[in-house]
Amino acid sequence: MSTTYHVVLTGGVGSRLWPLSRKSRPKQYLEIFKNDSLFELAVKRNQKFSDGLIVVGNKDNRNLSIKSLEKLGVDNYHEIVEATPRNTAPAIAFAAFQVKADDILVVTPADHIIKADIFYDKAVTNAIELAKSDNIVTFGVKPTRPETGYGYIESDGQSVLSFREKPNLETAKDFLQKGNFLWNSGMFCFKAGVFLSELKKYEPEVFENSKSAFEQTEEGRLSEELSMQIPSISVDYAVMERSELIKVVDAEFDWSDMGSFEAVYDYFVESGYPVDDNGNMVIGCEKFTAFVGIKNCIFVNTGDATLILSKEASQDVKGVYQKLKESNSILVD
């Protein structure tokens, strides 16, 4: 009998949420979501579907994951510690090597905000059933706006017609009008053996080098030398856009990848967080702050850094982070 595992991917810095998100405290560990972090919320909402937990993350995040799991009282899980990031295809392969071929993996990022309700339960249950029939399942979220920060899935029922990269605004509007385009959530479900078979078929070098690195792990820790031999590639490019086994679950639950301050803003507003009469918001500062002559702006303060941005320009924060990183600023650490 197969076992179902929740695989949580904890990599990533969240550069578009700088200065809140840093190398030492990525966005998935920030306890700003009603005293929970996104990582903790991801673990909690998937416990009902899984018999076990697999945490895949880099060495810099390991202690943060352990602390969060201790907070949740979770002490029985598999841990895979990456020595260096190699993107999502190898990360998922490591989890698949950890279990039996017929075991089912429900793979989710650690940094998404999802409303855990009957719609989420239905989507995951449907995905698991499809996975039992050797399908590789992706979750497509019904779009609510012409979003340019997400990839899209063109669908026909449960069939995937195409995957589309992040579009420009006009293309996103066209996708929304057509009605059969879904946001690519980055969540997946499949049998471990089916995924590995497809990875070996389409990216044999990734498969073989990931397998070699995994087989020589020590207490779940991967060798940096062996890891560097693995091509860095996303699961979308490696498998999802090429396999003939792909099915999509039309997910009706509320979802955001929480990848920008616009997403944080919207979530906070829905949760009752205060904004002024012109839609301006203050995050991380208890001092009196007034906005004059501007609308829908966000003021973010962390003590050592201040960010002021228009809500609509949230995607551009990554540029600030990149400039600081290129100058070796301590403000990204």
Side-chain angles (χ1 to χ4, degrees), residues 5-14 26 28 42 54-61 78-101 103-112 127 131 134-140 150-153 160 162-166 183-217 220-248 257 259:
Y5 289 91
H6 173 214
V7 179
V8 58
L9 306 178
T10 72
V13 174
Q28 57 267 33
I54 303 173
V55 179
V56 185
N58 63 58
K59 60 185 179 181
D60 296 329
N61 289 356
H78 295 290
E79 180 185 36
I80 298 172
V81 183
E82 295 179 296
T84 183
R86 306 314 294 159
N87 217 314
T88 51
I92 294 172
F94 298 142
F97 286 127
Q98 179 72 57
V99 300
K100 298 176 182 178
D103 288 340
I104 292 175
L105 305 181
V106 178
V107 182
T108 75
D111 56 358
H112 292 181
D134 294 343
N135 294 296
I136 293 180
V137 186
T138 184
F139 292 73
Y150 300 155
Y152 285 73
I153 300 169
V160 174
S162 68
F163 286 86
R164 302 294 185 91
E165 295 299 313
K166 297 175 182 178
W183 285 336
N184 187 352
S185 71
M187 295 172 53
F188 313 101
C189 184
F190 38 69
K191 287 181 181 177
V194 171
F195 174 79
L196 291 174
S197 178
E198 293 295 277
L199 181 64
K200 185 176 182 179
K201 177 180 178 180
Y202 294 107
E203 290 289 341
E205 186 179 0
V206 176
F207 173 86
E208 294 295 346
N209 291 0
S210 296
K211 187 172 186 288
S212 296
F214 179 80
E215 288 175 342
Q216 297 188 51
T217 56
R221 295 172 182 255
L222 292 155
S223 159
E224 183 170 0
E225 180 181 355
L226 293 175
S227 296
M228 288 302 295
Q229 297 176 24
I230 305 170
S232 177
I233 186 171
S234 74
V235 67
D236 286 325
Y237 288 142
V239 175
M240 305 307 292
E241 296 182 7
R242 300 155 81 178
S243 174
E244 296 179 359
L245 305 179
I246 308 299
K247 297 292 183 183
V248 61
D257 75 346

- Task: State, with a plain yes or no, whether a side-chain heavy atom of F188 is found less than 4.5 Å away from one of V137.
- Result: no
- Message: Check the orientation of W183 and Y150. Use parallel for under 30°, tilted for 30 to 60°, and perpendicular for over 60°.
- Response: perpendicular
- Can any side-chain N or O of S197 pair as donor or acceptor with the backbone N or O of G193 at less than 3.5 Å? no
- Item | Neighbour count above 12 (heavy atom, 6.0 Å) for E225 CD | no
- Item | Working for side chain to side chain contact (heavy atoms under 4.5 Å, CB included), residues F190 and V107 | CA-CA 9 Å; F190 38 69; V107 182; 3.9 Å; yes
- Please report the closest heavy-atom contact between G140 and V248, naming both atoms and the distance. N-CG2, 3.6 Å
- What are the two closest non-hydrogen atoms of N87 and S234, and how far apart are they? OD1-CA, 3.4 Å
- Item | Heavy-atom pair of closest approach, residues G57 and T10 | CA-OG1, 3.0 Å
- Side chains of S185 and H112: do they bring a donor and an acceptor to under 3.5 Å? no
- Query: Can you tell if the side chain of N209 reaches within under 4.5 Å of the side chain of P231, non-hydrogen atoms only?
  - Reply: yes
- Using a strict cut-off of less than 4.0 Å between a Lys/Arg side-chain nitrogen and an Asp/Glu carboxylate oxygen, indicate whether D103 and K191 qualify as a salt bridge. no
- Message: Let's go through N184 and F163 carefully: what are the C-alpha distance in whole Å and the side-chain angles of both, what is the deciding distance for side chain to side chain contact (heavy atoms under 4.5 Å, CB included) to 0.1 Å, and is it a yes or a no?
- Response: CA-CA 8 Å; N184 187 352; F163 286 86; 3.8 Å; yes
- Message: Counting C-beta onward and ignoring hydrogens, is there a side-chain heavy-atom pair between N58 and V81 closer than 4.5 Å?
- Response: no
- Message: Let me confirm one number: the CD-CG distance from E215 to L222, rounded to the nearest 0.5 Å.
- Response: 11.5 Å
- Item | Nearest-0.5 Å distance, CD of residue Q229 to CD of residue E208 | 12.5 Å
- Item | Residue pair H6 / I54, side-chain heavy-atom distance below 4.5 Å | no
- Among all residues two or more places apart in sequence or in another chain, which pass the salt bridge (charged side-chain N to carboxylate O under 4.0 Å, His left out) test with E79? R62
- Message: Would you compute the distance between atom CE of M240 and atom OH of Y202 and round it to the nearest 0.5 angstrom?
- Response: 11.5 Å
- Task: Could you walk me through whether F97 and F207 pass the ring pair (Phe, Tyr, Trp, His ring centres under 6.0 Å) test, one step at a time?
- Result: CA-CA 10 Å; F97 286 127; F207 173 86; 5.6 Å; yes
- When you look at OH of Y237, are more than 12 heavy atoms from neighbouring residues, nucleotides or ligands closer to it than 6.0 Å? no
- Within-4.5 Å side-chain heavy-atom neighbours: I153 and T138: yes
- Of all the heavy-atom pairs spanning L199 and A93, show the shortest one and how long it is. CD2-CB, 3.7 Å
- Heavy-atom nearest pair, K247 first then V160, reads C-CG2, 4.2 Å
- Query: Are any non-hydrogen side-chain atoms of V55 and I80 less than 4.5 angstrom apart?
  - Reply: no
- Message: Within this structure, what is the CZ-OH distance for the pair R164 and Y152, rounded to the nearest 0.5 Å?
- Response: 11.5 Å
- Mind checking whether L105 and C189 have side chains closer than 4.5 Å, heavy atoms only? no
- Using a 4.5 Å cut-off on heavy atoms from C-beta on, say whether the side chain of L245 contacts that of V194. yes
- Item | Pairs flagged by salt bridge (charged side-chain N to carboxylate O under 4.0 Å, His left out) wherever residues 228-244 is involved - sequence neighbours left out | E203-R242
- For the pair V239 and I136, evaluate side chain to side chain contact (heavy atoms under 4.5 Å, CB included) and give the outcome as yes or no after the intermediate values. CA-CA 9 Å; V239 175; I136 293 180; 4.0 Å; yes
- Message: Between E224 and K59, is the side chain to side chain contact (heavy atoms under 4.5 Å, CB included) condition met? List the steps.
- Response: CA-CA 11 Å; E224 183 170 0; K59 60 185 179 181; 4.1 Å; yes
- Item | Pair S243-E198, side-chain donor/acceptor within less than 3.5 Å | yes
- Considering all heavy atoms, the nearest P90-S210 contact: CB-OG, 3.8 Å
- Item | N-O pairing of R86 and E82 below 4.0 Å | no
